[in-house]
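Have a look at the structure below before the remarks.
Both ligands and their constituent atoms are indexed starting at 1 by order of listing.
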Amino acid sequence: MHGTKTLEEADRLMTVCNSCRYCEGLCAVFPAMEMRRSFSDGDLNYLANLCHACGACYSDCQFSPPHEYNVNVPRTFAIARAESWSAYTWPRAFAGVFARNGVAVSVIAALSVAAFIIGFAAFNDRAALFATHTGPGAFYALMPHNAMVLLLGGAFLYAMVALAMGVRAFWRDIGEPIGMVADQGSLWQAMRDAAGLRYLDGGGVGCVNEDERPSDRRKIYHHLTFYGFLLCFASTSSATLYHYLLGRAAPYPWWDLPVVLGTIGGIGLLIGPAGLLVEKYKRDPALVDQKRTGMDVAFLLMLFLASLTGMVLLVLRDTGAMGPLLALHLGVIFALFITMPYGKFVHGIYRYVALVRYARERRQAGHIGG
Ligand code: SF4
Ligand code: SF4
């Protein structure tokens, strides 16, 4: 007996797959499944989060619909994943945000942008808001640096705490003791698997999307998004070091490290999410959890808008449009941070944790090196 209908179905599928084993070379899910004879709720949530949604096991399966066995691992796991994220939510009161994520993110983003624009208008007179501010400290003529750090740093810190609490719940659910720190080898192996999206390649041929011809497009767009995000994070981190260690205030010249990192990352964050959105609409509906399309779209749009507003601000920062553009950009970033623990962003965190467990299991079983 399982906790939800989705987990009942996942159990049925894993029992069929465990007898068949045709897909064992496709990804990490099937070897992890083969280490078990029965599946607890935690095991199924672990396998669901280990799945990279490449779709290969659906197109390769001789028991997929219209066969009476009705085997559809990618979609069942997509639903199970989203339900598990909701179950791990901290604080619990926000668990429902996952079910209405598209609407929730749109409302929060609109309110956040409005609040920053109203705040900028309230604390600056009209002439200052539309004036041209240039040189070091130009941004802080409109919003004090400390206020920026307090609001955005506070939102980011809150997101990190909420995500850490979610990971704690996941770790406990999949049967790992709280307080157990995974060995360095498993952490490193999982990092390499995640960094290369090792299991988003359908066993080497590519990801199945709109038809049965596999391709690497989703993987490439995902890489652009992931590394674009990391570079933008590195840009903000280096700007923080410039400010506090070197006493140099933003904005920085075009050739300086924070701007170079932010520009390259920003381009990745424009192309990657746009490409993933296009691929999403081309995907075979049989493979996806259609009820949660809004959550995926909301997250990709937020990343795209964060980059777009940042890039436009970079280009127009020496003009009178800088004030309104800065308010718009900060509003989008604040909304992105505050909604991060309650939307698609969490898939990367839980998948990494699942990869750590998989690496640990492999090492314990003697398959050192994954
Ligand atoms: S998905 Fe289908 S082909 Fe693959 S292991 Fe399961 S039952 Fe077998
Ligand atoms: S969809 Fe891809 S990653 Fe997920 S179980 Fe099937 S083959 Fe593995």
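- Rounding to the nearest 0.5 Å places CG of Asn72 at 6.5 Å from CG of Leu287.
- Put simply, Leu129 and Ile118 are part of two different groups of oily side chains (I, L, V, M, F, W, Y) that touch within less than 4.5 Å, one to the next.
- Annotation: side chain of Phe63 is in contact with side chain of Cys20 (closest heavy-atom distance under 4.5 Å).
- With ligand atoms numbered from 1 in the order given, ligand 2 contributes 3 (S), 5 (S), 7 (S), 8 (Fe) to contacts under 4.0 Å with heavy atoms of Cys27.
- For atom 6 (Fe) of ligand 2, the nearest non-hydrogen atom of the protein is Cys57 SG, 2.3 Å.
- What sits closest to atom 3 (S) of ligand 1 on the protein, heavy atoms only, is Gln62 OE1, 3.4 Å.
- Both tests do not hold together for Arg21 against Phe30: distance to the six-membered ring centre under 6.0 Å, angle to the ring axis within 45°.
- Both the backbone and the side chain of Cys54 come within contact range of ligand 2, each with a heavy atom under 4.0 Å.
- For Ala28, no heavy-atom contact with ligand 2 is shorter than 4.0 Å.
- For His52, every N, O or S atom stays at 2.8 Å or more from atom 4 (Fe) of ligand 2.
- Looking at atom 1 (S) of ligand 2, its nearest protein heavy atom turns out to be Gly55 N, 3.2 Å.
- Remark: minimum distance from atom 7 (S) of ligand 1 to any protein heavy atom is reached at Phe63 CD1, 3.5 Å.
- For atom 8 (Fe) of ligand 1, the nearest non-hydrogen atom of the protein is Cys20 SG, 2.3 Å.
- The closest side-chain donor-acceptor pair between Ser40 and Asp43 falls under 3.5 angstrom.
- At least one cation-pi condition fails for Arg351 and Trp85: the charged atom is not both under 6.0 angstrom from the six-membered ring centre and inside a 45 degree cone around its axis.
- Leu163 and Val105 fall within the same hydrophobic cluster, defined by Ile, Leu, Val, Met, Phe, Trp and Tyr side-chain heavy atoms under 4.5 Å apart, directly or through other members.
- Shortest contact from atom 4 (Fe) of ligand 2 to any protein heavy atom: Cys51 SG, 2.3 Å.
- Only one option out of Phe170, Phe98, Phe94 pairs with Tyr88 in a ring pair (Phe, Tyr, Trp, His ring centres under 6.0 Å); it is Phe170.
- Within the structure, the closest approach of Cys23 to ligand 2 does not fall below 4.0 Å when heavy atoms are considered.
- Taking atom 2 (Fe) of ligand 1 as the reference point, the nearest protein heavy-atom neighbour is Cys61 SG, 2.3 Å.
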